[in-house]
Amino acid sequence: LDIDARKQAELEQIRLSQELESKKIELSQSLDSMVDAVVTLDEQAVLLTCNPATSKLFGYEISELIKTQFSSLLVEPALFIQFLNGFIEKPAQDAEQKALEFSGRTKSGELIHFSCSLAELPMIVGKKRRFVVCLHDLTESKQQQEQLIQAGKLSALGTLTSGIAHDFNNILGIYRDWE
């Protein structure tokens with residue numbers, strides 16, 4: 001009877017282990033299939049892990065990104081360091097999970113824009129604090145906004161030019177009438 005209970009406990013342990021492994025694989029596949037870039041950082045903003053969307057956003061291979069200073073990818077690295085330090089200084093339960101916009105550069109030098117939200121991961125005893133950062137690409141929408149602004153400026157310039165031409169034509173008409 002004691003042997004049956006031990007075998008039953010071993011089988012239950014194997015089942016739980018397989019279930020845990022299955023959940024790890026599912027979580028990994030979920031992160032890999034996300035459109036938004038997801039990275040984990042330590043408290044010095046060193047990139048620990050990232051998903052394929054991060055590679056796509058910045059144009060670097062994942063292996064090139066791991067162990068790099070995340071802020072080195074940004075146009076204004078000091079702003080991100082300030083953002084992270086502000087988050088670190090607050091106790092985890094009081095820290096606001098807000099998103100800020102940042103600009104970065106791809107490997108090819110192209111300017112990109114993204115919103116960045118930050119959350120602290122649970123502490124592992126004896127390890128440094130870690131953070132998960134989600135980056136939502138805003139580059140296309142920023143470009144569209146800029147195009148709308150330019151179109152508005154061109155429209156205003158066209159209206160102004162048309163008004164000036166109309167006024168100038170009126171002045172010429174008066175001059176012709178005097179002759």
Side-chain angles (χ1 to χ4, degrees), residues 17 19-157:
S17 177
E19 189 176 308
L20 180 62
E21 188 61 31
S22 175
K23 287 183 180 189
K24 285 180 182 178
I25 290 170
E26 184 178 342
L27 180 60
S28 177
Q29 290 173 340
S30 298
L31 285 171
D32 287 352
S33 65
M34 289 184 67
V35 173
D36 286 341
V38 179
V39 302
T40 57
L41 306 173
D42 68 13
E43 56 193 27
Q44 281 78 43
V46 173
L47 206 142
L48 304 172
T49 63
C50 64
N51 66 348
T54 309
S55 176
K56 183 178 177 187
L57 179 64
F58 288 101
Y60 290 93
E61 295 296 322
I62 290 174
S63 60
E64 293 176 286
L65 292 167
I66 302 300
K67 296 186 181 176
T68 62
Q69 190 70 31
F70 178 72
S71 56
S72 69
L73 301 168
L74 306 176
V75 172
E76 297 183 55
L79 288 178
F80 181 79
I81 297 300
Q82 183 180 5
F83 177 52
L84 180 61
N85 286 339
F87 199 90
I88 288 172
E89 290 169 6
K90 291 184 177 183
Q93 62 270 30
D94 294 337
E96 296 177 26
Q97 291 187 350
K98 60 182 176 183
L100 291 179
E101 288 186 18
F102 292 95
S103 297
R105 295 240 177 246
T106 64
K107 186 175 184 178
S108 65
E110 182 182 339
L111 185 65
I112 55 174
H113 306 280
F114 49 88
S115 68
C116 175
S117 56
L118 180 70
E120 185 165 2
L121 292 169
M123 282 290 288
I124 297 175
V125 177
K127 298 281 185 174
K128 292 180 180 181
R129 291 172 73 181
R130 300 165 304 132
F131 302 88
V132 62
V133 181
C134 185
L135 311 169
H136 180 72
D137 190 2
L138 301 172
T139 306
E140 191 174 313
S141 64
K142 290 278 187 185
Q143 288 171 345
Q144 289 172 348
Q145 282 178 340
E146 186 60 35
Q147 288 173 349
L148 285 173
I149 289 169
Q150 291 301 325
K153 287 179 182 177
L154 286 174
S155 176
L157 182 60

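Position 1 is the first residue of the sequence, and the numbers go up from there.
Looking at heavy atoms from C-beta onward, L138 lies in side-chain contact with H136 at the 4.5 angstrom threshold. The side-chain heavy atoms of L84 and F131, taken from C-beta on, include a pair separated by under 4.5 Å. A heavy-atom distance below 4.5 Å is found between the side chains of L57 and I112. Inter-residue side-chain proximity for C116 and F83 is flagged as met; some heavy-atom pair is nearer than 4.5 Å. In this structure the side chain of T54 reaches within 4.5 angstrom of the side chain of L65, judged on heavy atoms. Side-chain contact between R105 and L73 is absent, with no heavy atoms from C-beta onward closer than 4.5 Å.
The aromatic ring centroids of F58 and F114 lie less than 6.0 Å from each other.
At least one donor-acceptor pair under 3.5 Å links the side chain of N51 to the backbone N or O of V38. In this structure, R129 contributes its side chain and I88 its backbone to a donor-acceptor pair below 3.5 Å. With hydrogens and angles ignored, the 3.5 Å screen pairs no side-chain donor or acceptor of R130 with any backbone N or O of E120. Of the possible donor and acceptor atoms, none in the side chain of S115 sits under 3.5 Å from a partner among the backbone N and O of L100. Put simply, the side chain of S71 never gets that close to the backbone of I81: no donor and acceptor are under 3.5 Å apart. Proximity of a side-chain donor or acceptor of S103 to a complementary backbone N or O of V75 within less than 3.5 Å is not detected.
Atom CD of E43 has more than 12 heavy atoms from other residues, nucleotides or ligands within 6.0 Å.
Shown are F102, Y60, F80; of these, the ring pair (Phe, Tyr, Trp, His ring centres under 6.0 Å) with F70 is made only by F80.
Note that the CG atom of L41 and the CG atom of L48 stand 6.5 Å from one another [nearest 0.5 Å]. Taking CG of L31 as the start and CG of D36 as the end, the distance is 11.5 Å to the nearest 0.5 Å. Separating the CD atom in E76 from the CD atom in Q82 is a distance of 10.5 Å, to the nearest 0.5 Å. Here I66 contributes atom CD1 and E61 contributes atom CD; the two are 11.5 Å apart, rounded to the nearest 0.5 Å. Interatomic distance, T49 OG1 to L47 CG, rounded to the nearest 0.5 Å: 7.0 Å.
In this structure, K107 pairs ionically with E64, as a charged nitrogen and a carboxylate oxygen lie closer than 4.0 Å.
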* To do: Quick one: do V46 and Q69 satisfy side chain to side chain contact (heavy atoms under 4.5 Å, CB included)? Show the steps, please.
  => CA-CA 5 Å; V46 173; Q69 190 70 31; 3.7 Å; yes
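Taking every heavy atom of both residues into account, P52 and D32 meet most closely at CD-OD1, 3.4 Å.
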